[in-house]
Peer 1: 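The structure under discussion is supplied below as structure tokens; questions concerning it will follow.
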Amino acid sequence: MVALSVILFPPLLIAFLLVMERVEEPLRRPAGPREVDEFLNTATPGEVDTLATSGIRRALFRWRRRRRRNRGSTNPPLV
């Protein structure tokens with residue numbers, strides 16, 4: 001059992017670190033002035049509330065997630 005733990009621990013740790021890097025990458029990206037301006041023009045009341053309670057990073061995270069979800073639902077133009 002100990003040998004199995006010793007063998008499996010490093011790959012599981014590396015997999016966890018890779019997943020966490022993907023989660024943290026959007027949080028590390030700074031918000032540009034254009035993006036903040038677009039956020040203020042198109043934010044929902046819930047996102048504005050998040051801005052007031054949790055700060056700009058958390059609010060932009062929610063806004064980016066909503067935009068990414070909405071962008072995938074639109075139909076692409078037919079050529």
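What you see is a predicted model; the values in this text were computed from it and never measured. No hydrogens, no waters, no symmetry mates; every other heavy atom, side chains included, goes into these values.
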Peer 1: Within the side chain of N41, is there an N or O that forms a donor-acceptor pair under 3.5 Å with the backbone of D37?
Peer 2: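 Judged by distance alone, yes, a pair lies under 3.5 Å.
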Peer 1: With a 4.5 Å heavy-atom cut-off, do R65 and R62 have their side chains touching?
Peer 2: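 Heavy-atom side-chain distance check passes, below 4.5 Å.
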Peer 1: Can you name the side-chain contact (heavy atoms from CB on, under 4.5 Å) partners of R58, sequence neighbours left out?
Peer 2: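 So R58 forms a side-chain contact (heavy atoms from CB on, under 4.5 Å) with T50, S54, F61.
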Peer 1: Please assess E35 against E38 for the test side-chain contact (heavy atoms from CB on, under 4.5 Å), listing each intermediate value before the final yes or no.
Peer 2: CA-CA 5 Å; E35 191 174 31; E38 189 177 344; 5.7 Å; no
Peer 1: From L51 CG over to L60 CG, what is the distance, rounded to the nearest 0.5 angstrom?
Peer 2: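 CG of L60 is found 8.0 Å from CG of L51.
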Peer 1: Output all residues satisfying salt bridge (charged side-chain N to carboxylate O under 4.0 Å, His left out) with R57, sequence neighbours left out; order by chain, then residue number.
Peer 2: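 For R57, no residue satisfies salt bridge (charged side-chain N to carboxylate O under 4.0 Å, His left out) once neighbours in sequence are set aside.
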Peer 1: Mind checking salt bridge (charged side-chain N to carboxylate O under 4.0 Å, His left out) for R66 and listing every partner two or more places apart, or none if nothing turns up?
Peer 2: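 With sequence neighbours excluded, R66 shows a salt bridge (charged side-chain N to carboxylate O under 4.0 Å, His left out) to E47, given in chain and number order.
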Peer 1: So which pairs with a foot in residues 20-40 pass ring pair (Phe, Tyr, Trp, His ring centres under 6.0 Å), sequence neighbours left out?
Peer 2: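 Applying ring pair (Phe, Tyr, Trp, His ring centres under 6.0 Å) to every pair that reaches into residues 20-40, excluding sequence neighbours, yields F39-W63.
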Peer 1: Please tabulate, one pair per line, all N/O donor-acceptor pairs under 3.5 Å involving side-chain atoms of residues 4-22, not counting sequence neighbours.
Peer 2:
from	atom 1	to	atom 2	distance (Å)
S5	OG	M1	O	3.1

